[in-house]
Amino acid sequence: MRAPRGVFAGIVLSLVLAVGQVHGQIREVGDEGPYRSQRFQAGGDLDLALPQGEFGEFVQAGYGVGGWIALNLDRHGTVALRLDGNYLIYGQENRRRPLSPTVPFIDVNVSTSNNIYSLGIGPLISLGNGPVKPYLIGSAGFSYFATESSVSGSSNSTAFAKSTNFDDFTFSWSGGGGLRIRVSNKWNPVYIDLGAEYHRNGEARYLREGSIRDNGNGTISITPIQSETNLVLLKLGVSGAW
């Protein structure tokens with residue numbers, strides 16, 4: 001189910017006001033030599049997706065990757081505006097099928113994956129400037145659920161055909177936090193990131209493993225599920241500032 005546009009706009013406005021309020025309340029910490037005046041932060045991570053509530057009744061844990069970039073709103077990067085995205089797979093099936101009824105002696109690999117693409121924007125709040133830096137994050141945006149199939153030859157993994165079997169779009173928000181552990185003391189510090197986020201995607205229609213059935217006569221049957229699609233992401237990544 002899609003969230004009303006007014007709700008989404010209200011969430012974004014609340015996040016912007018929260019950033020301004022926190023920025024006004026957080027006291028600037030002392031200078032740290034090479035860590036001054038950094039304008040941007042960015043990072044990437046490997047994700048473990050744990051379905052919550054109703055979503056966990058229909059699908060198993062998934063995995064994926066994420067990335068983000070942030071614009072610092074003060075010279076220490078205590079408060080920043082962050083844009084982040086994730087690509088998750090929560091189910092996958094692989095089958096061998098004849099290329100066509102007229103060419104039954106050539107088999108191809110048919111790979112079907114259940115995916116979630118998400119994008120959001122919101123505040124990044126860093127607590128302190130030591131070698132271990134806790135942080136808080138939040139965002140508002142959207143999640144796109146898509147089940148996609150691709151066809152490749154048995155001796156070549158490159159797909160030569162691809163299609164989307166089913167998709168849905170929903171507004172979403174997320175919140176979480178973690179620790180950034182500094183592993184480089186140069187002018188542009190590098191961190192190992194350990195974090196967790198709760199993603200509230202709300203209600204959506206989606207497919208899972210077994211939702212697409214081959215009828216054996218050249219047609220397929222699709223049985224979508226409609227439920228809440230909330231999940232928790234456990235993140236392990238690397239980030240930096242410049």
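As the structure is a computational prediction, the values presented were derived from the model and not from experiment. Note that these values count all heavy atoms, side chains included, but never hydrogens, waters or copies made by symmetry.
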Is there a donor-acceptor pair under 3.5 Å between the side chain of Asp168 and the backbone N or O of Ala204? no

Please determine whether side chain to side chain contact (heavy atoms under 4.5 Å, CB included) holds for the pair Asn86 and Val65, giving the CA-CA distance in whole Å, both sets of side-chain angles, and the decisive distance to 0.1 Å. CA-CA 6 Å; Asn86 293 281; Val65 295; over 6 Å; no

Student check: side-chain heavy atoms of Ile225 and Val59 closer than 4.5 Å: no

Given side chains that start at C-beta, do those of Gln52 and His199 come closer than 4.5 Å, heavy atoms only? no

Sole residue of Phe145, Phe142, Tyr144 in ring-ring contact (aromatic ring centres under 6.0 Å, His included) with Phe169: Phe142

Tyr191 six-ring centre to Arg180 NZ/CZ under 6.0 Å and within 45° of normal: yes

Going by the rule ring pair (Phe, Tyr, Trp, His ring centres under 6.0 Å), which residues pair with Tyr90 if we only count those two or more places apart in sequence or in a different chain? Phe55

Under the rule for side chain to side chain donor-acceptor pair (under 3.5 Å), what residues qualify as partners of Tyr135, not counting sequence neighbours? none

Does Tyr63 have any side-chain contact (heavy atoms from CB on, under 4.5 Å) partners at least two apart in sequence or in another chain, and if so, which? Ile89, Gln92

May I ask you to check whether Asn115 and Glu148 show a side-chain donor-acceptor distance below 3.5 Å? yes

Backbone of Leu124 reached by a side-chain donor or acceptor of Arg82 within 3.5 Å: no

Name all residues meeting the side chain to side chain donor-acceptor pair (under 3.5 Å) criterion together with Thr147; count only those two or more places apart in sequence or in a different chain, and write none if there are none. Asn114

Could you pull out all residues at least two apart from Leu71 that satisfy side-chain contact (heavy atoms from CB on, under 4.5 Å)? Arg39, Phe40

Return the minimal non-hydrogen interatomic distance between Gly85 and Leu119, and the atom names on each side. CA-CD1, 4.2 Å

Distance-only, no hydrogens or angles: does the Thr229 side chain make a donor-acceptor pair with backbone N or O of Gly202 under 3.5 Å? yes

Any chain of hydrophobic side-chain contacts (each under 4.5 Å) joining Val183 to Leu194? yes

Applying side-chain contact (heavy atoms from CB on, under 4.5 Å), name anything that partners Pro131, two or more places apart in sequence or on another chain. Arg182

Could you list all the salt bridge (charged side-chain N to carboxylate O under 4.0 Å, His left out) pairs where at least one residue sits in residues 47-58, not counting sequence neighbours? Asp47-Lys235

Carefully, step by step, assess Ser174 and Ser139 under the rule side chain to side chain donor-acceptor pair (under 3.5 Å). CA-CA 5 Å; Ser174 69; Ser139 70; 2.6 Å; yes

Hey, does Leu231 have a side-chain heavy atom less than 4.5 Å from the side chain of Ile116? yes

side-chain contact (heavy atoms from CB on, under 4.5 Å) partners of Ala42, counting only residues at least two apart: Ile69, Trp242

Return the set of residues passing side chain to side chain donor-acceptor pair (under 3.5 Å) with Thr112 (not counting sequence neighbours), or none when no residue passes. Ser149

4.5 Å side-chain heavy-atom contact, Ile121 and Leu81: yes

Considering all heavy atoms, the nearest Gly62-Leu48 contact: O-CD1, 3.4 Å

Are Thr223 and Arg213 close enough that some pair of their side-chain heavy atoms sits under 4.5 Å apart? no

Shared hydrophobic cluster, Ile212 / Phe166 (ILVMFWY, side-chain heavy atoms < 4.5 Å): yes

Non-hydrogen side-chain atoms of Trp68 and Asp45 separated by less than 4.5 Å: yes

Residues in side chain to side chain donor-acceptor pair (under 3.5 Å) contact with Thr164, at least two apart in sequence or another chain: none

Residues two or more places apart in sequence or in another chain: which of them pass salt bridge (Lys or Arg N to Asp or Glu O under 4.0 Å) with Glu93? Arg95

Going by heavy atoms in the side chains, are Val238 and Ile192 under 4.5 Å from each other? yes

